[in-house]
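A short worksheet on the structure shown next.
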Amino acid sequence: MRAGRRPHRLPRPGGARVSAKPVLAVVGRPNVGKSMLVNRIIGRREAVVQDVPGVTRDRVSYDARWNGREFVIVDTGGWASDAQGMAQRIAEQAELAIAAADAVLFVVDASVGVTDEDEAVVRVLRRTNKPIVLAVNKVDDARAEPEVAAMWQLGLGEPWPVSALHGRGSGDLLDAVLAALPEAPAEQFDEPGGPRRVAIVGKPNVGKSSLLNKLARQQRAVVDNVAGTTVDPVDELVTVGGSVYRFIDTAGLRRRVREASGHEYYASLRTQGAIERAEVCVVVIDASEPIADQDLKILSMVEEAGKALVIAFNKWDLTDDERRRYLAREVERDVQAFAWAPQVNMSALTGRNVDKLRNAIEEALAGWETRVTTGQLNAFLGRVAAAHPHPVRGGKQPRVLFGTQAQNCPPTFVLFTTGPLDPQYVRFVERRLREEFGFRGTPVLVDFRAREKRRK
Ligand code: GDP
């Protein structure tokens, strides 16, 4: 079941088409103090996690801010410390982090020095051209400084001594992190009109790879011919119905993830990373099986990330009349909250309706980009308030003075009011906005600012 609360996020500054914040991935073997360091950076307690084998965490990314700049931290902890093939596993973790991030924070432990596992990460890190920041943790006092100097030998640039425990050095480290992160993620450097970024996500075995193969078999785009693209090796450009799309993290779909402890964790990390980088997500659900919590969770992830959404009910060829009746009921019961998303009943195996996906993707992107003029919006808000005024609360009746669309992608509205609005009223306004303006395939965020009381 989907959590009842919907996020009321504040609009990001900067107006139209603000692209996602830059992403920093934190990499290191267990017990070097990654989680504590992440906590230091985000200034909160919530990231406290242990490197427990096979643990699947809901959240792997956290919002962070330093010196007025915002970025996202992806914590790549959570792999098995007792596993065989440890070095291999760590190398994979580093690869994943590199794929998902704009810069990598690599954490080593001054009290232990460089281990074989660290070396495995270093080998992977050396191959990338993404910026690396090297943090040497557990430098609680000046006595550990010689250990720090020794870390130059890793060939990853200047080692930054920190104590996640005491906070020592974390300011300098964060400055180095900010210097390494791009102002905005790489995607933003694509020329306007470059390929739209699509992520195919969903739980294992629903047919994501099959769908990608089907699409790609129809036509693979020639990379050189597409203007303004530096294609990440994990992405693929595919022509669908005459337009080129950039499919995100297809390497993850093509390389079958090995069955291993922590494998679910990798899947969720990948899913989250792909969603963050995409503009529109195609969430693939296996129509032949009951809708699972995991399906709903992935739908929520897309909504919470503020991305356009298309729901693909795959394996339609395996459904009979009875199953379809059940599915309709499940959709009615569990997927209502996403009724705004276009749905396509398809089969990656037979190719049924695969071509309809393109229209659905375009429809969702159009909804996502919709801008409503302030005039239209306020005429609408006036009608809504006249027909359905806010209920009286504590003898007062909050009024909406005016509203504005703070940004699109996804459409985000701010209502200026005389007092706080009930969450139900905010949801009501959102529903009415959808009825009025459509917004097919996109989350819509509605926020309000209550007028400050004048001081006498
Ligand atoms: P992924 O883990 O989501 O990438 O799923 P795969 O693409 O690997 O598919 C999992 C299994 O389902 C494979 O055996 C596919 O052949 C099969 N499959 C995928 N799509 C369909 C479909 O539309 N119909 C049927 N009958 N089988 C499918």
Side-chain angles (χ1 to χ4, degrees), residues 56 92 95-96 99-100 197-220 233-238 240-241 245-275 277-278 280-302 307 309-328 330-331 335 338 341-361:
T56 308
E92 279 178 16
E95 247 175 67
L96 243 172
R197 300 190 303 276
V198 187
I200 300 177
V201 291
K203 64 186 176 80
N205 280 320
V206 293
K208 299 180 296 296
S209 324
S210 306
L211 173 58
L212 177 70
N213 284 335
K214 195 79 188 174
L215 290 166
R217 203 172 306 133
Q218 287 172 351
Q219 208 183 342
R220 181 78 46 88
V234 299
D235 298 345
E236 245 174 86
L237 294 175
V238 177
V240 185
Y245 295 87
R246 180 206 293 251
F247 286 83
I248 300 292
D249 191 21
T250 52
L253 295 183
R254 297 214 177 275
R255 184 165 8 109
R256 303 297 307 179
V257 182
R258 257 178 298 279
E259 294 294 330
S261 65
H263 137 97
E264 246 186 277
Y265 167 77
Y266 283 116
S268 93
L269 182 63
R270 264 200 192 285
T271 302
Q272 184 145 7
I275 291 171
R277 293 184 56 221
V280 55
C281 300
V282 177
V283 174
V284 182
I285 294 177
D286 183 343
S288 70
E289 298 206 325
I291 294 177
D293 280 351
Q294 185 64 13
D295 296 318
L296 301 177
K297 199 155 123 198
I298 293 170
L299 290 170
S300 295
M301 282 164 78
V302 175
K307 305 303 172 131
L309 170 67
V310 170
I311 306 177
F313 289 103
N314 189 36
K315 307 199 189 179
W316 203 255
D317 57 297
L318 295 181
T319 63
D320 56 13
D321 284 347
E322 192 191 8
R323 173 60 203 140
R324 289 176 201 179
R325 273 199 303 279
Y326 275 108
L327 179 65
E330 290 164 16
V331 168
V335 190
F338 306 95
Q343 298 179 4
V344 181
N345 302 331
M346 52 153 287
S347 168
L349 191 71
T350 67
R352 177 190 200 271
N353 277 351
V354 167
D355 52 350
K356 291 220 171 119
L357 265 184
R358 177 177 179 267
N359 283 346
I361 287 171

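Start at 1 and go down the list; that is how both ligands and their atoms are numbered.
Residues Arg323 and Glu330 are paired through a salt bridge, judged by an N-O separation under 4.0 Å between the basic side chain and the carboxylate. A salt bridge links Arg277 with Asp235: at least one charged nitrogen is closer than 4.0 Å to a carboxylate oxygen.
Between the side chain of Lys356 and the backbone N or O of Val344 there is no donor-acceptor pair closer than 3.5 Å. Judged purely by atom type and a 3.5 angstrom limit, Arg352 uses its side chain to pair as donor or acceptor with the backbone of Asn345. Judged by distance alone, the side chain of Lys208 and the main-chain N or O of Lys203 form a donor-acceptor pair under 3.5 Å. Remark: side-chain polar atoms of Asn314 are not paired, donor with acceptor, to backbone N or O of Val284 under 3.5 angstrom.
Look at Gly202 and you'll find every heavy atom at least 4.0 Å from all atoms of ligand 1.
For Ala348, heavy-atom contacts with ligand 1 shorter than 4.0 Å involve the backbone as well as the side chain. Only the side chain of Asp317 comes within 4.0 Å of ligand 1, judged by heavy-atom distances. Contacts between Asn205 and ligand 1 below 4.0 angstrom, taking non-hydrogen atoms only, involve backbone and side chain alike.
Near Ser209, meaning under 4.0 Å from one of its heavy atoms, ligand 1 places the atoms 1 (P), 4 (O), 7 (O), 8 (O). Residue-ligand proximity, Leu318 to ligand 1, at heavy-atom distances under 4.0 Å covers atoms 26 (N). Which parts of ligand 1 touch Ser347 is read off a 4.0 Å heavy-atom cut-off, strictly below it: atoms 22 (C), 23 (O), 24 (N).
For ligand 1, none of its N or O atoms has an N or O atom of Pro204 under 3.5 Å away. The distance criterion of under 3.5 Å between nitrogen or oxygen atoms is met by Val206 with respect to ligand 1. Inclusion of Met346 in the set of residues having an N or O under 3.5 Å from an N or O of ligand 1 is not warranted.
Applying the side chain to side chain contact (heavy atoms under 4.5 Å, CB included) rule to Asp317 yields the partners Lys315, Ser347, Leu349, Thr350; only residues at least two apart in sequence or on another chain are considered.
The closest heavy-atom contact to atom 3 (O) of ligand 1, among the options Lys208, Arg352, Lys315, comes from Lys208.
Within the 4.5 Å cutoff, the side chain of Asn213 has no heavy atoms near those of the Leu211 side chain.
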